[in-house]
Amino acid sequence: ESDPYFVLPAPDKTLYPAYPEEGDNIGSLTIPALKRKLSIIQGTGVKELKKGVGHFTQSVLPGEEDNCILSGHRETVFRKIGNLKIGDLLIVETSADTFTYEVNGMRIVHEDDKTVIVPTDHAVLTMTTCYPFNTPGYSPDRYIITADLMISK
């Protein structure tokens, strides 16, 4: 017989009631150091990356505990991204809230390097674009910027 006082723990309240559809605008990314405000589009296909910064659908949404991955073209949305420095802020606004991330690292990896997509134990924003920045055409490398979510006091 079931115990009437036994209650399952409530699932964590997720920040997003519904997972966005590919092509949806899920918010904006402001990069104060570059004076840019960009749309974030769900998905990283050709169509999505024409409209703004793409959110890699196999990664968590902004503000969630894990690795949120955004991709963009070096000639358009992520132009001058190589000028960002450690400590620069990335501000992501979505339906859930405004999340501020602080840049804590940059690296260059080969396009096949899957360490970019690793899970993390806290909220991280990873931005990726093709590298080198000023070479037209195919680029085998990726420029990666990582940033940690700043916890508001």
Item checked: Shared hydrophobic cluster for F99 and I145 (ILVMFWY, side-chain gaps under 4.5 Å) -> yes
Checklist line | ring pair (Phe, Tyr, Trp, His ring centres under 6.0 Å) contacts touching residues 28-77 (sequence neighbours left out) | finding: none
Item checked: Shortest non-hydrogen contact between I69 and V116, atoms and distance -> CD1-O, 3.8 Å
Next item on the list: Say whether F133 and M106 are linked into one hydrophobic cluster, either directly or through other cluster members, by side-chain heavy-atom distances under 4.5 angstrom.
Entry: yes
Notebook entry, point to check: Who pairs with R74 by salt bridge (Lys or Arg N to Asp or Glu O under 4.0 Å), at least two apart in sequence or on another chain?
Noted result: none
Notebook entry, point to check: Listed by chain and number, what are the side-chain contact (heavy atoms from CB on, under 4.5 Å) partners of D141, not counting sequence neighbours?
Noted result: I108, H110, Y131
Checklist line | Verify same cluster id: I26, I31 (apolar side-chain graph, 4.5 Å) | finding: yes
Next item on the list: Could you grab the distance from atom OG1 of T30 to atom CG of L34, nearest 0.5 Å is fine?
Entry: 11.0 Å
Checklist line | Minimum heavy-atom distance between T135 and P132, given as atom pair plus value | finding: OG1-CG, 3.2 Å
Margin query: Assigning hydrophobic clusters by single linkage (Ile, Leu, Val, Met, Phe, Trp, Tyr; side-chain heavy-atom cutoff under 4.5 Å), is V92 placed with L149?
Written below: yes
Check: What residues, two or more places apart in sequence or in another chain, satisfy side-chain contact (heavy atoms from CB on, under 4.5 Å) together with V53?
Finding: L29, L38, L70, V77, F78
Checklist line | Closest non-hydrogen atom pair, C68 against P62 | finding: SG-N, 3.7 Å
Next item on the list: Determine, step by step, whether L61 and Q42 satisfy the side-chain contact (heavy atoms from CB on, under 4.5 Å) criterion, reporting the C-alpha distance in whole Å, the side-chain angles of both residues, the deciding distance to 0.1 Å, and the verdict.
Entry: CA-CA 9 Å; L61 290 163; Q42 178 72 338; 4.3 Å; yes
Notebook entry, point to check: If you measure from CG on N134 to OG on S139, what distance do you get to the nearest 0.5 Å?
Noted result: 9.5 Å
Next item on the list: List in chain and number order the residues that pass side-chain hydrogen bond (donor to acceptor under 3.5 Å, both in side chains) with E111, two or more places apart in sequence or in another chain; answer none if no residue qualifies.
Entry: Y138, R142
Notebook entry, point to check: Does the side-chain hydrogen bond (donor to acceptor under 3.5 Å, both in side chains) test come out yes or no for N67 and S59, once each step is laid out?
Noted result: CA-CA 6 Å; N67 195 348; S59 72; over 6 Å; no
Next item on the list: Check step by step if side-chain contact (heavy atoms from CB on, under 4.5 Å) holds for E102 and D148.
Entry: CA-CA 5 Å; E102 184 177 0; D148 278 337; 5.7 Å; no
Next item on the list: Apply side-chain contact (heavy atoms from CB on, under 4.5 Å) to the pair T44 and E48, showing each step before the final yes or no.
Entry: CA-CA 6 Å; T44 49; E48 289 79 31; over 6 Å; no
Next item on the list: Locate the shortest heavy-atom distance separating L49 from G72; write the atom from each residue and the value.
Entry: CD2-CA, 4.3 Å
Notebook entry, point to check: V124 and M127: same hydrophobic cluster, using ILVMFWY side-chain contacts below 4.5 Å?
Noted result: no
Checklist line | Point-to-point distance, once rounded to the nearest 0.5 Å, from CD1 of I41 to OG of S71 | finding: 13.0 Å
Could you give the side-chain donor-acceptor pairs of residues 79-90 under 3.5 Å, partners two or more places apart or in another chain?
unit_1, atom_1, unit_2, atom_2, d
D88, OD2, K85, N, 2.7

Item checked: Closest contact, heavy atoms only, L125 versus Y101 -> CB-CD2, 3.5 Å
Item checked: Distance in Å, T129 OG1 paired with E75 CD, rounded so as to fall on 0.5 Å steps -> 7.0 Å
